[in-house]
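Counting from 1, the numbers follow the sequence of the chain as shown.
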Amino acid sequence: MRFDVITLFPELFAPFLQHGINRRAFESGLVEVRLWNPRDFAEGNYRRVDDRPFGGGPGMVMMAEPLWQCLQAVRASRADPDGDLAPVVLFSPIGASLNHSGVERWSQSEGAVLLCGRYEGIDQRFIDTCVDLQISLGDFVLSGGEIAAMALLDAVARLQPGVLSDQGSHQQDSFNPALDGLLDSPHFTRPEEWQGQSVPDVLLGGHHGRIARHRREQSLQLTARLRPDLLERAREQGLLDKADLVFLRSHGEL
C-alpha cells in the first residue's frame, strides 16, 4: 500500500510518521508514504505555486501547472498500469465526510495520491481534470489538507496487521461493525476509586457474560443519547437483539 502526498509543507509529516504506535506501519512499509512538494516543479526563481484569483477576491489560489507537473512525477514514480491508476484524493470541505467504512475500504486498497490544498483553494481546472475524489473531515475549514491527510493515514495504518499490540482492539472502536456501528462503551482503569467516583461493580466481578452485557448496554445508552442516527440505523438493519430492545425501551430510548 502506497500513499503519495502532494503538499507544500512536507516537513509537517516527519513527526507524525516517526512517532506513536502507527509508526510501525510506516517504518515497516506496510503503509508506504512518499511526500512531494509542488514547489519543486514550479518555474522561476521564486518557484511560485499560487496567484491571485480571476474576478478578484481575498486570498490566493494554487496554480494548476505546478500541481500538474508534480502529479506527472508521482505517476512516473508509481508506474501504475494504464487503466489502474491510483486515485487522486483532494481534501476539501465540499467532499464526502470520512467515516469508518471509508477508512476500512482504504485500509484494504493499494493506496492513493493525496492532494493537500492551501490558501483559498486549487484552480478548478486541475480539480476537474485530475481529482477523482474529494474527502472532508466535517463541516469546518482547515488552513490546509495536511491534517486531513494525516487523519486518513493514521486511521488506515492502525488497521494494518501487527500495528496494534492487541489485534482485536480496533474491533471495539466506535462505529466498527463488531459493535454494530454503535459507539464504544466507557472504559475504566486503576485506581478503583478516584475523586469519589467508583468503577462499576460489574467490571470488578470477573463474570465475562455480565461484563459483556454491561458494556453492550452502556454502548446502547451512549449511542442513543449522543448519536441516535447510529442507533436507528442498527435497528433498521436488524442488528439489535431482543435484550437490546428491552433495555432501550425500559430506559425510554425507543
Side-chain angles (χ1 to χ4, degrees), residues 1 15-31 97-109 137-138 147-148 150-254:
M1 178 185 303
F16 166 72
L17 297 172
Q18 296 169 4
H19 299 279
I21 196 168
N22 282 348
R23 75 183 187 279
R24 298 174 183 172
F26 305 126
E27 291 176 351
S28 68
L30 275 172
V31 181
S97 293
L98 185 64
N99 56 26
H100 181 79
S101 60
V103 169
E104 282 197 320
R105 287 194 297 272
W106 284 115
S107 72
Q108 298 166 18
S109 73
L137 292 188
I147 292 175
M150 291 180 200
L152 175 60
L153 292 171
D154 183 274
V156 166
R158 69 188 304 276
L159 295 183
Q160 301 307 307
V163 173
L164 299 182
S165 299
D166 184 343
Q167 276 302 104
S169 62
H170 69 77
Q171 295 179 3
Q172 299 303 311
D173 290 341
S174 295
F175 315 114
N176 196 293
L179 291 180
D180 297 327
L182 305 177
L183 300 180
D184 192 9
S185 62
H187 299 275
F188 303 86
T189 189
R190 296 179 181 180
E192 293 181 15
E193 184 169 326
W194 179 76
Q195 294 193 3
Q197 303 173 73
S198 299
V199 175
D201 290 339
V202 65
L203 299 179
L204 305 175
H207 192 294
H208 297 300
R210 291 175 184 170
I211 290 173
R213 189 62 219 167
H214 170 80
R215 286 176 171 162
R216 176 68 172 185
E217 291 175 353
Q218 291 297 300
S219 174
L220 290 166
Q221 201 165 35
L222 191 65
T223 306
R225 187 169 75 249
L226 300 179
R227 289 294 303 273
D229 57 310
L230 299 177
L231 186 66
E232 179 61 21
R233 184 187 306 165
R235 187 183 68 81
E236 291 175 350
Q237 295 175 350
L239 301 176
L240 305 183
D241 61 22
K242 184 177 179 180
D244 293 338
L245 297 174
V246 169
F247 172 81
L248 289 167
R249 290 192 184 103
S250 69
H251 287 75
E253 304 293 1
L254 278 183

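The two atoms that bring G181 and L230 nearest to each other are O-CD1, 3.7 Å, heavy atoms only. In terms of heavy-atom proximity, L153 sits nearest to F26 at O-CZ, 4.0 Å. Closest heavy-atom contact between A148 and L137: CA-CD1, 3.7 Å. The two residues T223 and L231 have their closest heavy-atom pair at CG2-N, 3.8 Å. Of all heavy-atom pairs between W106 and S109, the closest is O-OG, 2.7 Å. Across M1 and L30, no two heavy atoms sit closer than the pair CB-O, 3.6 Å.
By the 4.5 Å heavy-atom criterion applied to side chains, L248 and R235 are not counted as neighbours.
Checked by atom type and distance alone, the side chain of R23 pairs as donor or acceptor with a backbone atom of G20 at under 3.5 Å. Although no hydrogens or angles enter the test, the distance criterion places a donor-acceptor pair under 3.5 Å between the side chain of Q160 and the main chain of S107. Between the side chain of R24 and the backbone N or O of V163, at least one donor-acceptor pair lies under 3.5 Å. With hydrogens and angles disregarded, a donor-acceptor distance shorter than 3.5 Å links the side chain of H187 to the backbone of S185.
The pair R233-E236 fails the salt-bridge criterion, with no side-chain N (NZ, NE, NH1 or NH2) lying under 4.0 Å from an Asp/Glu carboxylate O.
With sequence neighbours excluded, the residues that form a side-chain contact (heavy atoms from CB on, under 4.5 Å) with R216 are D180, L182, R213, L220, L240, D244.
Within the model, atoms CZ of R210 and CZ of R215 stand 15.0 Å from one another, a figure rounded to the nearest 0.5 Å. We find the CG-CG distance between L17 and N22 to be 10.0 Å, quoted to the nearest 0.5 Å. To the nearest 0.5 angstrom, H214 atom NE2 is 11.0 Å from S219 atom OG.
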Practice prompt. Determine, stepwise, if the pair N176 / H100 fulfils side-chain contact (heavy atoms from CB on, under 4.5 Å).
Written response: CA-CA 7 Å; N176 196 293; H100 181 79; 3.6 Å; yes
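Atom CD of E192 has 12 or fewer neighbouring heavy atoms from other residues, nucleotides or ligands inside a 6.0 Å radius. Remark: L226 CG is packed, more than 12 non-hydrogen atoms of other residues, nucleotides or ligands lying under 6.0 Å away. By the 6.0 Å contact criterion, CG on D201 is open, its count of non-hydrogen atoms from other residues, nucleotides or ligands being 12 or less.
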